[in-house]
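As structure tokens, the structure follows; a few thoughts come after it.
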Number of protein chains: 2
Amino acid sequence: MPATSLPEDISPLTVNRLSVYLRCLRRLQELGETRTSSKALARRFHLSATQIRKDLAQFGEFGIRGVGYEVAELKEGLETLLGVHRTHPAVLVGAGNIGTALARFPGFSSGGFRIFAIFDNDLDKVGRRIRDIEVFHSRDLGRVVAEVGAEIGILAVPAAAAQENCDALVAAGIQAVLNFAPVQLEAGPAVRVKNVDLLIFLEELAFFLK
Amino acid sequence: MPATSLPEDISPLTVNRLSVYLRCLRRLQELGETRTSSKALARRFHLSATQIRKDLAQFGEFGIRGVGYEVAELKEGLETLLGVHRTHPAVLVGAGNIGTALARFPGFSSGGFRIFAIFDNDLDKVGRRIRDIEVFHSRDLGRVVAEVGAEIGILAVPAAAAQENCDALVAAGIQAVLNFAPVQLEAGPAVRVKNVDLLIFLEELAFFLK
DNA sequence: GATTGTGAATAGATTCACAGCT
DNA sequence: AGCTGTGAATCTATTCACAATC
């Protein structure tokens with residue numbers, strides 16, 4: 001029986017691993033497996049069995065001692081924990097290369113997120129649609145964010161425009177920002193910001209090249 | 001005087017922060033600042049002054065006690081440490097949404113990386129060019145990777161095709177893989193893999209929404 | 001007999017506090 | 001006087017080892 005209580009201090013590292021576990025369970029379900037164990041998951045997906053158990057233990061008891069975990073049950077438990085059992089409304093700011101790719105990315109819609117609007121200040125793009133999502137002018141950001149009740153803002157604008165667009169998102173009441181621009185954004189403490197800097201990923205790889 | 005010695009056990013966390021510091025220094029240089037200090041950096045970019053010093057200390061002495069750091073000198077030191085003082089040859093596998101956006105992304109070329117070839121198995125795409133980079137058929141991956149001497153492979157293919165393409169990259173002698181597919185890849189211990197899963201980023205944000 | 005869940009032990013990362021330079 | 005570089009102290013994360021359960 002999943003308890004799904006929500007303790008206060010959970011590390012992002014743990015949360016990221018929960019996402020990984022969720023992927024693994026979805027994969028097992030595709031393969032028709034109905035039951036698993038921390039050891040089986042660890043072996044197959046190169047994880048740590050102890051860590052899986054410790055991570056889950058923070059949220060309740062998901063397994064049966066001596067037996068293991070019910071795949072469907074644990075999967076649903078993780079979906080609930082991560083909050084992807086419902087769909088989160090999001091908006092995308094920036095309809096350039098990366099923004100367009102994100103708008104077309106099918107994974108979001110099937111994974112608990114939906115982009116309801118795109119913003120750009122290029123008048124050639126305003127009014128067009130990317131995958132059925134309308135592109136609005138940036139000046140309408142506040143209004144549209146409120147209308148669609150967006151919780152998450154995805155920032156895919158040039159570095160120089162990132163802070164002002166972040167400010168606009170925050171002013172419009174957004175709660176979390178996924179930022180693809182290579183700048184350290186300044187948002188209030190109430191807004192969670194996650195930075196995704198493609199160059200930093202490559203630089204990490206470059207560092208470890210011998 | 002930068003020592004730029006290379007100790008053996010450096011954490012990826014440290015390396016990512018070095019990348020952040022490098023961005024900060026570039027920004028200061030744009031603004032015409034010629035000298036800075038750990039405290040000044042920390043205040044301006046919301047970092048930890050002690051941590052900046054500790055991170056740098058692992059690689060030598062970059063500053064002057066009582067004075068601070070020379071912006072240009074520290075910037076170059078970090079570029080050398082991260083290995084971006086030279087350009088790393090890379091290839092991109094997958095010319096779909098994300099692959100195309102990556103190929104067009106100007107940041108790579110200006111940041112120490114260059115994509116020399118794109119691979120796809122869609123014959124409609126083979127032979128075309130994206131931003132002057134030729135799209136080859138995936139069957140030519142081994143030959144072309146060897147020809148251009150690619151060190152880094154960027155994987156932007158569907159999940160189901162990720163492992164086989166990773167295998168092909170590894171067989172061709174690639175040393176590091178940046179993987180955008182939502183799968184835990186199996187590469188040898190000699191190959192460094194960095195996973196970038198957009199859904200996991202959003203799930204982290206979703207978790208922390210109240 | 002097998003596996004979970006967990007306190008204790010270990011390893012790793014960050015912060016503190018100050019000696020050592022300029 | 002002010003800042004770097006660093007050992008010591010603290011905090012965080014992971015792993016070990018085993019009691020509890022099926």
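Each chain gets a letter, A, B and so on, in the order the sequences are listed, and its residues count up from 1. Fair warning: this is a prediction, and the values are worked out from it, not measured in the lab.
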Identify every side-chain donor-acceptor pair in residues 181-188 of chain B under 3.5 Å, counting partners at least two apart or on other chains, and give the distances.
{"from": "E186(B)", "atom 1": "OE1", "to": "H46(A)", "atom 2": "ND1", "distance (Å)": "3.4"}
{"from": "E186(B)", "atom 1": "OE1", "to": "H46(A)", "atom 2": "NE2", "distance (Å)": "2.6"}

**Asked** What parts of residues 41-56 of chain A reach DNA chain D, counting only heavy atoms under 4.0 Å away?
**Response** S48(A), T50(A), Q51(A), R53(A), K54(A)
**Prompt:** Would you call R53(B) and E61(B) a salt bridge, using N to O less than 4.0 angstrom?
**Reply:** no
**F119(B) and F136(B) aromatic ring geometry - parallel, tilted or perpendicular at 30°/60° bounds** = tilted
**Request:** Please determine if a side-chain N or O atom of R17(B) lies less than 4.0 Å away from the OP1 or OP2 oxygen of dT14(C).
**Result:** yes
**Prompt:** For R26(A), does the CZ atom sit with more than 12 other heavy atoms under 6.0 Å from it, leaving out its own atoms?
**Reply:** yes
**Message:** Tell me the interatomic distance from R65(B), atom CZ, to dC18(C), atom P, rounded to whole angstroms.
**Reply:** 16 Å
**Prompt:** Counting only heavy atoms not in K39(B), do more than 12 sit closer than 6.0 Å to its NZ atom?
**Reply:** no
**Prompt:** Atom OH of Y69(A) and atom C1' of dT3(C): how far apart are they, to the nearest Å?
**Reply:** 8 Å
**Request:** State plainly whether the residues E151(B) and R86(B) are in salt-bridge range, i.e. N to O under 4.0 Å.
**Result:** yes
**Item:** Pair R23(A) + E203(B), salt bridge at N-O below 4.0 Å
**Value:** yes
**Item:** Boundaries of the chain B footprint along DNA chain D (any atom under 4.0 Å from a heavy atom)
**Value:** dG2(D) to dA8(D)
**Prompt:** For the pair made of CZ in F59(A) and C1' in dT6(C), what is the distance, rounded to whole Å?
**Reply:** 16 Å
**Request:** For S38(B), answer base if it contacts any base atom (sugar-phosphate contacts may also be present), sugar-phosphate if it contacts only those atoms, and nothing otherwise; contact means non-hydrogen atoms under 4.0 Å.
**Result:** sugar-phosphate
**Message:** Reading DNA chain D from 5' onward, which residue's closest nucleotide shows up sooner: S37(B) or P12(A)?
**Reply:** S37(B)
**Message:** With a 4.0 Å cut-off on N to O distance, would you call E73(B) and R35(B) a salt bridge?
**Reply:** no
